[in-house]
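All remarks here apply to the structure that follows.
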Number of protein chains: 2
Amino acid sequence: MFELDLRSRAPIYEQLVDKIIELIINNVLKPDEQLPSVRVLSSELTINPNTIQKAYRELEYRGYIYSLPGKGSFVKPAVSGDNTARLQSLESELARIIAEMRYLGMPPGEIVTRVNDLLSKDKGGKMND
Amino acid sequence: MFELDLRSRAPIYEQLVDKIIELIINNVLKPDEQLPSVRVLSSELTINPNTIQKAYRELEYRGYIYSLPGKGSFVKPAVSGDNTARLQSLESELARIIAEMRYLGMPPGEIVTRVNDLLSKDKGGKMND
DNA sequence: TAACTGTACTATGCTTACTAGTACAGGTGT
DNA sequence: ACACCTGTACTAGTAAGCATAGTACAGTTA
């Protein structure tokens with residue numbers, strides 16, 4: 001389910017957080033779908049349960065999952081209205097990426113084409129595997 | 001010139017790297033423009049010169065600057081043709097951001113508008129301060 | 001020569017990440 | 001009630017990374 005790059009400088013828990021967010025925003029993990037338990041995932045990935053625990057805690061803090069003691073951790077349905085800060089953060093990341101693409105020589109028309117491609121994929125509901 | 005967030009979890013040298021890259025891709029720092037020396041910047045920012053050194057080394061490794069012993073460190077002109085890996089990396093980051101914007105409920109039309117705004121700013125040559 | 005430049009070390013202390021282990025409380029099925 | 005799962009919350013230890021301080025070398029420029 002997950003692949004970790006143990007040679008990467010990114011901490012393991014952060015890789016997990018990123019991966020799970022990616023699965024959530026790409027609708028691979030559905031709202032209210034249960035995540036593997038910290039113990040199951042830790043033995044799958046052969047890492048310590050506390051590390052999973054930290055990742056899940058971070059995901060919960062960021063609002064992507066909710067956890068019920070004794071039951072498990074679940075994907076939190078996307079809430080509208082509470083995402084202003086995150087959207088602003090995404091917009092400044094977008095500005096940065098666009099600026100760097102321009103800096104590296106990608107023509108504006110090609111950038112727009114890429115964005116439209118990504119949006120049409122999204123509209124079709126197809127997942128990019 | 002730079003602002004560091006000393007409360008951030010990001011290491012100081014990485015903040016420097018990010019800041020300088022941002023200035024470069026937004027054309028605030030011009031090609032072949034000299035960066036402050038490690039000693040000047042370290043006293044400006046009241047951090048150790050070795051930390052600046054590490055940031056400059058990272059920037060050089062990533063291809064954004066070049067350093068000449070005895071002379072200083074300079075913004076490297078953007079080279080065309082050698083940016084495939086970086087562009088691909090940017091594209092996957094773009095895909096991620098678009099997906100998350102969609103996930104958080106931003107309509108596709110608004111995303112396109114944002115992108116076009118950013119591109120028209122870029123075309124005008126105006127800097128976003 | 002003096003004053004700058006980048007570069008390359010060494011040593012130290014602090015912080016973070018990760019592991020291992022343990023234990024508690026909650027939930028579910030038999 | 002028991003067994004087995006779940007998340008949660010700790011403690012302790014180790015390793016790695018970060019930042020600092022200091023030093024020194026070589027190159028450049030006036």
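Computed from a predicted structure; not experimentally measured.
Minimum atom distance to the side chain of A:S67 is reached by D:dG7, of the listed C:dA17, C:dT5, D:dG7. In this structure, of D:dG7, D:dA19, D:dA9, it is D:dA9 that holds the atom nearest to the side chain of A:R57.
Annotation: of the two residues near DNA chain D, B:K54 and B:N48, the 5′-most nearest-nucleotide partner is B:K54. Along DNA chain C, the nucleotide nearest B:S73 and the nucleotide nearest A:E14 are compared for position; the residue whose nucleotide lies closer to the 5' end is B:S73. The residue among B:L68 and B:R9 whose nearest nucleotide of DNA chain C lies closer to the 5′ end is B:L68. The residue among B:I12 and A:E60 whose nearest nucleotide of DNA chain D lies closer to the 5′ end is A:E60.
Proximity of A:S37 to the phosphate of D:dC5: no side-chain N or O atom is located under 4.0 Å from OP1 or OP2. A:Y13 has a side-chain polar atom (N or O) that falls below the 4.0 Å cut-off from OP1 or OP2 of C:dA17. Side-chain nitrogen and oxygen atoms of B:Y56 include none within less than 4.0 Å of the OP1 or OP2 phosphate oxygen of C:dG6. In this model, the phosphate group of D:dC5 is not approached by any side-chain N or O of A:K71 to a distance below 4.0 Å at OP1 or OP2.
Contact annotation for A:R39: base contact, defined as any heavy-atom pair under 4.0 Å involving a base atom.
In this structure a side-chain-to-backbone donor-acceptor pair under 3.5 Å is present from B:T113 to B:G109. Not a single donor-acceptor pair under 3.5 Å links the side chain of A:E100 to the backbone N or O of B:E22. No donor-acceptor pair under 3.5 Å is formed between the side chain of A:S43 and the backbone N or O of A:T46. The backbone N or O of A:N50 sits less than 3.5 Å from a side-chain atom of A:N48, completing a donor-acceptor pair.
One can place CD1 of B:I47 at 16 Å from P of D:dG22, the figure rounded to the nearest angstrom. If you measure from atom CD of A:Q53 to atom C1' of D:dT11, you get 13 Å, rounded to the nearest angstrom. A:L59 places its CG atom 14 Å from the C1' atom of D:dG7, with the value rounded to the nearest Å. Following rounding to the nearest Å, A:I65 (CD1) and D:dT6 (P) show an atom-to-atom distance of 14 Å. Atom CG in A:L4 sits roughly 14 Å away from atom C1' in C:dA17 (whole-Å rounding). When rounded to the nearest whole Å, the span between CG of B:L41 and P of D:dA19 equals 14 Å. Atom CD of A:Q15 and atom P of C:dA17 are 13 Å apart (whole Å). One can place CD1 of B:I52 at 13 Å from P of C:dT7, the figure rounded to the nearest angstrom.
Contact of A:N50 with D:dC10 (side chain to base): a donor-acceptor pair of N or O atoms is detected under 3.5 Å.
In summary, B:E33 and B:K76 do not engage in a salt bridge, as defined by a charged side-chain N under 4.0 Å from a carboxylate O.
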